[in-house]
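This report concerns only the one structure given below.
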Protein chains: 2
Amino acid sequence: MAKRTFICGLDAAITVMGGKWKGLILFSLGEGTRRFGELRRAVPGISERMLILQLREMEASGLVHREVFHQVPPKVEYSLTEFGASLNAAMGPLGAWGEENMARIEAIP
Amino acid sequence: MAKRTFICGLDAAITVMGGKWKGLILFSLGEGTRRFGELRRAVPGISERMLILQLREMEASGLVHREVFHQVPPKVEYSLTEFGASLNAAMGPLGAWGEENMARIEAIP
DNA sequence: ATTCATCCTTACAAAAGTGTGAGTACCGAA
DNA sequence: TTCGGTACTCACACTTTTGTAAGGATGAAT
């Protein structure tokens with residue numbers, strides 16, 4: 001994180017949610033455990049590289065649990081930790097707000 | 001915005017809240033009308049340039065209202081629109097989450 | 001021997017975001 | 001005449017984030 005002190009809770013939350021993908025990944029994992037490839041399809045537009053980078057960061061933050069199955073072809077499952085689930089819950093109202101106001105947001109130019 | 005379609009409400013919300021400052025500005029304005037200089041002091045670490053850029057974007061998004069008083073020295077007041085206030089309300093739980101988990105977030109490395 | 005599927009990894013480059021420092025305009029006060 | 005206070009504006013450079021394209025490792029199926 002490289003940032004020691006936050007000026008308020010929102011500041012802290014934004015720090016762990018930074019970037020344009022983490023919210024979507026969190027949202028998708030909020031619906032249940034997902035394999036890497038499933039996640040990639042669930043988050044349209046994300047590249048494999050970005051997905052991995054974000055997942056690694058979220059794992060390091062304790063939001064996401066990663067479980068490897070030693071098979072061929074490989075299988076890796078991602079799921080939310082309790083911490084991640086609590087964040088997902090806290091994002092709920094924001095998602096609902098976006099849903100309600102989506103038309104207005106899309107019109108912004 | 002240059003982005004036509006969102007994959008979910010969270011996606012849309014993150015688009016208007018993008019960057020590291022808008023959340024803090026919104027939070028600060030949520031407490032009441034502020035002058036430019038007051039905002040600058042309320043958001044420690046932000047540069048004048050960044051503050052203006054963010055305020056202009058938020059004004060364009062319809063989140064913030066800007067009122068100029070033609071005086072010397074100049075006076076400009078910023079306040080939330082209803083739209084901004086509704087977003088601020090939706091951010092409440094996220095801020096509370098950050099508040100509760102701040103110690104853990106600060107420890108992330 | 002070749003292909004296939006999955007989950008990555010690497011090197012490179014482009015784009016977005018952020019910071020710095022200077023300068024402007026106004027008028028009253030010293 | 002110079003200074004102070006407020007709210008900007010501009011040019012530039014730097015940092016972070018994001019994207020692109022290619023390749024690797026494995027073993028079963030063809």
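What you are looking at is a predicted structure, and each value in this text was computed from that prediction instead of being measured. Letters go in sequence order (proteins before strands), and every chain restarts at 1.
- In the set D:dT26, D:dT6, D:dC8, D:dT26 carries the atom at the smallest distance from any side-chain atom of A:Val72.
- Within a 6.0 Å sphere centred on CD of A:Glu31, heavy atoms belonging to other residues, nucleotides or ligands number more than 12.
- Residue-level contact check: B:Arg40 touches neither bases nor backbone, having no heavy atom under 4.0 Å from any strand.
- Within the nucleic acid shown, A:Gln71 has no heavy atom closer than 4.0 Å to any nucleic acid atom.
- Listed nucleotides C:dA5, D:dC8, C:dC7 differ in distance to A:Pro73; the shortest reach to its side chain belongs to C:dA5.
- Residue A:Arg49 has its side chain nearest to C:dC12 when only C:dT6, D:dA11, C:dC12 are considered.
- Electrostatic pairing of B:Arg34 and B:Glu77 does not count as a salt bridge here, judged by no charged N lying under 4.0 Å from a carboxylate O.
- A distance of 6.0 Å or more separates the ring centres of B:Phe27 and B:Trp21.
- When distances are taken from the side chain of B:Gln54 to each of C:dT18, C:dT6, C:dC27, the shortest belongs to C:dT18.
- Position along DNA chain D of the nearest nucleotide to A:Pro74 versus A:Ser47 favours A:Ser47 as the more 5'-ward residue.
- Close to C:dC7, at under 4.0 Å from its OP1 or OP2, lies no side-chain N or O of A:Arg56.
- Using a 4.0 Å heavy-atom distance criterion, A:Phe69 is classed as making no nucleic acid contact.
- Considering only side-chain N and O atoms, A:Arg41 lies nowhere under 4.0 angstrom from the phosphate OP1 or OP2 of C:dT6.
- A donor atom on one side chain and an acceptor atom on the other are found under 3.5 Å apart for B:Arg66 and B:Tyr78.
- In this structure, B:Met50 places its CE atom 15 Å from P of D:dC8, rounding to the nearest Å.
- One finds no side-chain N or O of A:Lys20 lying less than 4.0 angstrom from the OP1 or OP2 phosphate oxygen of D:dT16.
- The residue A:Arg35 sits close only to the backbone: its heavy atoms come under 4.0 Å of sugar-phosphate atoms, none of a base.
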